[in-house]
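Okay, so here's the structure we're looking at.
Per chain, numbering begins at 1; letters A, B, ... match sequence-line order. As a basis for the values below, the full set of heavy atoms in this structure was taken, side chains included, without hydrogen atoms, waters or symmetry mates.
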Amino acid sequence: MSLDATYTREIPLVEGKTSFKEIDDVIARPTETKPNIKWFIAIGISSTALLTGAVCLGLTFWYGIGLWGNNQPVGWAFDIINFVFWIGIGHAGTLISAILFLFRQKWRTGIARFAEGMTIFAVMTAGIFPAIHTGRPWLDGYLVPYPNQHGLWVNFTSPLLWDVFAVSTYFTVSFVFWFIGLIPDFATLRDRTTSGIKKAIYTALSLGWRGSNRHWQHYERVYLILAGLSTPLVLSVHTIVSFDFAVSVIPGWHTTIFPPYFVAGAIFSGFGMVSTVLIIVRKVFDMEHIITVNTLEKMNKILLATGTMVGYAYAMEFFIAWYSGNPIEQFTFINRAFGPYSWAYWIMFSCNVFFPQLFWFKKIRRNIPLTFVLVLLVNVGMWFERYVIIVTSLTRDYLPSSWGMYFPTMYDFGILLGSFGLFFTLVLLFAKTMPVVAMSEIKAVTEGAQPSHKHKHE
Amino acid sequence: MDYIKKQLPDSLTKTGGIMLAVGVLILIMAFIFTPQRAFFDYLWIYLFLVSIGVGSLALVALEYLVGATWSTPFRRITEILASMTPVLIILAIPLFFGMHDLFHWTHAEVVENDAILTAKSPYLNVEFFIARTAFCLLLWVMFYFLLTRNSEKQDLDGDPKFTKRNVTLSTIFAPLFVVTITIAAIDWAMSLEPHWFSTIFGVYYFAGTIVAALAATTYASVKLKEGGYLDKALGNDSFYSLGTLMFGFNVFWAYIAFSQFILIWYADLPEETFWLIHRWEGSWKFVSLALLFFHFVFPFLILVGRNIKTNIQALKWMAPWMLVAHALDLYWLIFPTLFRGNASFGWQELSFPLIVIGLTMVVFKMSANKKNLMAIKDPKMEMGLDFHL
């Protein structure tokens, strides 16, 4: 909650006196006008990246994953790094839309829709990687447990399988949550549009919404229930992703703090990505009075908090590795920080723990260009965190005779680029076809939308 | 607001004093007959009081940090509960005399013949342990005095500058609290089994502490509300939020406990599993199961609905329930070191409820005597009283 300097009243979340019509106009404009040249340039770049990834992926299908840098002992590399990275990005959306909703943080209103959309796209992007890392993606159907003529069953005791369930459940619920939130806005677009085709599409999508009192009552109840369901789900997804590592006995992977540490890291990386995109969006779409500096400042506070939590986990890992008295654990962490991949470790450490500490200062939190630089660093740092965890632990096995190094190939980079291409192409399409801010919700937090009478206590 | 200060009844000091005296008497007898066990009882009592005092202090800081308004009417009660913090300094002294009985790693001859303990001795040694404990306690007490002084000064003139100062103080306190509570967890609970280690342990301990502090605040608030000591405008929706937060942190506790358990169980490394095995041998199995059901399963099912949390009668039962669950949690953490093979609850352990309840009553009354029970001029108070779901 944002309070003014006297701590007696809330600061309005939308700046200036904005009429309801004006809000609709601003938010609906991208869906009602022809895209400008900037948008075409942006989607040109992102779809080129997507196609590059598609080509690399096609070649991988044809020749096999030998094209990648994966080797013995590094059996997991870019494939799993990218999976964890993108799944993590998705978490911010659910945090903003569901958890902050339960915490009654109204400032989420301006950014929730966009963040939710990013969740959907990030999970879609993430889903590609476990599917392709199997090497024979046409057999991935066997991941679904069903009675079959081969008598083949999945390994129910493996967290990799739990991932299949967790991610697909998470995707489904997030999608429903996002769609439910969009219904009133689809109805607004339906009523505003003059094009016959658009009218038909928005009519279908708005599911007969008329904005009656009863509709709103049902809507709000469903929204609350879905928020309650999404909250444990979002925690479970990254918890199970962390189990992929932590249940094994690989030094550097098996440590009990992994579940909350991964969840904090996921939220941290997700906020980094949401901030990165929103800083551009608010500028391009003239939404600076809706997605305000106050909102970005609060996001920066969450980045500071979650980044420091991640730092706490790094410190605990180091301390307990020493405290355990286990020489293999100790070697692993010294190797991370000072071994052949120390450059990756220090990129991770500085981007995730050190630079976010600048957000202690209000001036920096409210400085948009600097925030943009820092959130970009968060994205970089969190990608490298997964690189450090996966690659450094695998290159230094229990048997020094099987130690090795990992060098990614151009196909690895191509597919990574393609994942960014897919994500941003979807984001751009979303921004063109759907309202990126919840029109119905934002009106409730404008100046003058509150009850006009003052409740008196007698 | 129409708050009028009413003194708490003197019976609080009387009943509390009698309970405390009887509890201390039992503890002294325990020291005579079973000194080692008495020190474990003392540690159990001490850690519970840490949860009440320091956990409440963290809640006070949390309100300032996140700018919550709904909790402002309850904050003074949490501050009064946090007044246990200065008492903890005095109570720590007997603990230092019991280190030999409590902590295996203080035995020089054991450490000499144990490579792992020798490796840990730069951290686990008596001097450093005392220094760390002193550091944590002094830091907590310092922030207790700073935060409550500003809050009480505000009762006179309602100047928002005090809120601003406390927001700054709370921001500084937050990371320091995380570090100190982790040290406390490792030193006072984890090092009872000096070979064992778990990176999540600090988070686990923190989660339990916050649940206990929330339960204490909830119980005290409901009792005071019923006795007519608080503003009449304070409605059930505000209590609902307290109940929800308690529910939420309890689920968080369960999540952390489950994470720790499943990772150790799944990896099945003997250097970690022995700690869980000690908690599954003989009758310890039932304590572990009781912890699962009474700390998580039943409270979850009971508190998940909305109606129960707006019902302050129900909260009056659920808050002590959570406090008992926290006591069980601490018992489960501490006593398997002493009672290998089977859990035990003897007359010595009766000192725990008597001292904890008695001392809390006495300290609460003494601290509350000098203060308003609500932060009457806090600028956020009006919004807090006006809170509706």
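Across Pro122(B) and Trp322(A), no two heavy atoms sit closer than the pair CG-CZ2, 3.9 Å. When all heavy atoms of Ile320(A) and Met190(B) are compared, the closest pair comes out as CD1-CE, 3.8 Å. Here the closest heavy-atom approach between residue Trp360(A) and residue Pro175(B) is recorded as CH2-CG, 3.9 Å. Scanning both residues, Tyr7(A) and Pro160(B), for their nearest heavy atoms gives CE1-O, 3.7 Å.
Heavy-atom distances place both the backbone and the side chain of Ser324(A) under 4.5 Å from chain B. With a threshold of 4.5 angstrom between heavy atoms, Leu117(B) does not approach chain A through any atom at all. Residue contact with chain A, scored on non-hydrogen atoms closer than 4.5 Å, is absent for Lys161(B). For a residue to count as touching a neighbouring chain, one of its non-hydrogen atoms must lie under 4.5 Å from one of that chain's; by this rule Ser242(A) does not touch chain B. Contact annotation for Leu304(A): neither backbone nor side-chain heavy atoms come within less than 4.5 Å of a heavy atom of chain B. Residue Ser121(B) does not touch chain A at all, counting heavy-atom pairs closer than 4.5 Å. Proximity to chain B (any heavy atom under 4.5 Å) is restricted, for Val249(A), to the side chain, taken from C-beta onward. For Thr171(B), the parts lying near chain A are the backbone and the side chain together; criterion is any non-hydrogen pair under 4.5 Å. Pro194(B) touches chain A through its backbone: at least one of N, CA, C or O sits under 4.5 Å from a heavy atom, while the side chain does not. For Trp70(B), the part lying near chain A is the side chain, with the backbone staying farther off; criterion is any non-hydrogen pair under 4.5 Å. Using a 4.5 Å cut-off between heavy atoms, Val304(B) does not touch chain A at all.
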Q.
Walk me through whether Val203(B) and Tyr312(A) qualify under side chain to side chain contact (heavy atoms under 4.5 Å, CB included).
A. CA-CA 10 Å; Val203(B) 187; Tyr312(A) 171 86; 4.0 Å; yes
Q.
Evaluate Leu65(B) against Lys301(A) for side chain to side chain contact (heavy atoms under 4.5 Å, CB included), listing each step before the verdict.
A. CA-CA 11 Å; Leu65(B) 192 59; Lys301(A) 284 182 182 172; over 6 Å; no
Q. Given Met309(A) and Val178(B), is the side chain to side chain contact (heavy atoms under 4.5 Å, CB included) satisfied, shown in steps?
A. CA-CA 10 Å; Met309(A) 284 178 206; Val178(B) 170; over 6 Å; no
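For chain B, the option among Asn326(A), Thr308(A), Leu235(A) with the highest count of heavy-atom pairs below 4.5 Å is Asn326(A). In terms of non-hydrogen atom pairs under 4.5 Å with chain A, the most contact-rich of Ala174(B), Ala119(B), Ser198(B) is Ser198(B). Ranked by heavy-atom pairs under 4.5 Å with chain B, the first of Pro259(A), Ser248(A), Ala315(A) is Pro259(A). Of the listed residues Leu124(B), Asp159(B), Thr244(B), the one with more heavy-atom pairs under 4.5 angstrom with chain A than any other is Leu124(B). Listed options Ser236(A), Pro260(A), Ala246(A) were ranked by heavy-atom pairs under 4.5 angstrom with chain B; first place goes to Pro260(A).
Classification of the Phe258(B)-Phe243(A) ring pair by plane angle, with boundaries at 30° and 60°, yields tilted.
Heavy-atom contacts from other residues, nucleotides or ligands closer than 6.0 Å to CZ of Phe274(B) number more than 12.
Side-chain contact of Tyr261(A) with Thr199(B): a donor-acceptor pair under 3.5 Å is absent, judged by distance alone. Residues Thr239(A) and Tyr255(B) have side chains that bring a donor and an acceptor to within less than 3.5 angstrom of each other.
Judged by distance alone, with hydrogens and angles left aside, the side-chain atoms of Lys120(B) form a donor-acceptor pair with the main-chain N or O of Tyr323(A) at under 3.5 Å.
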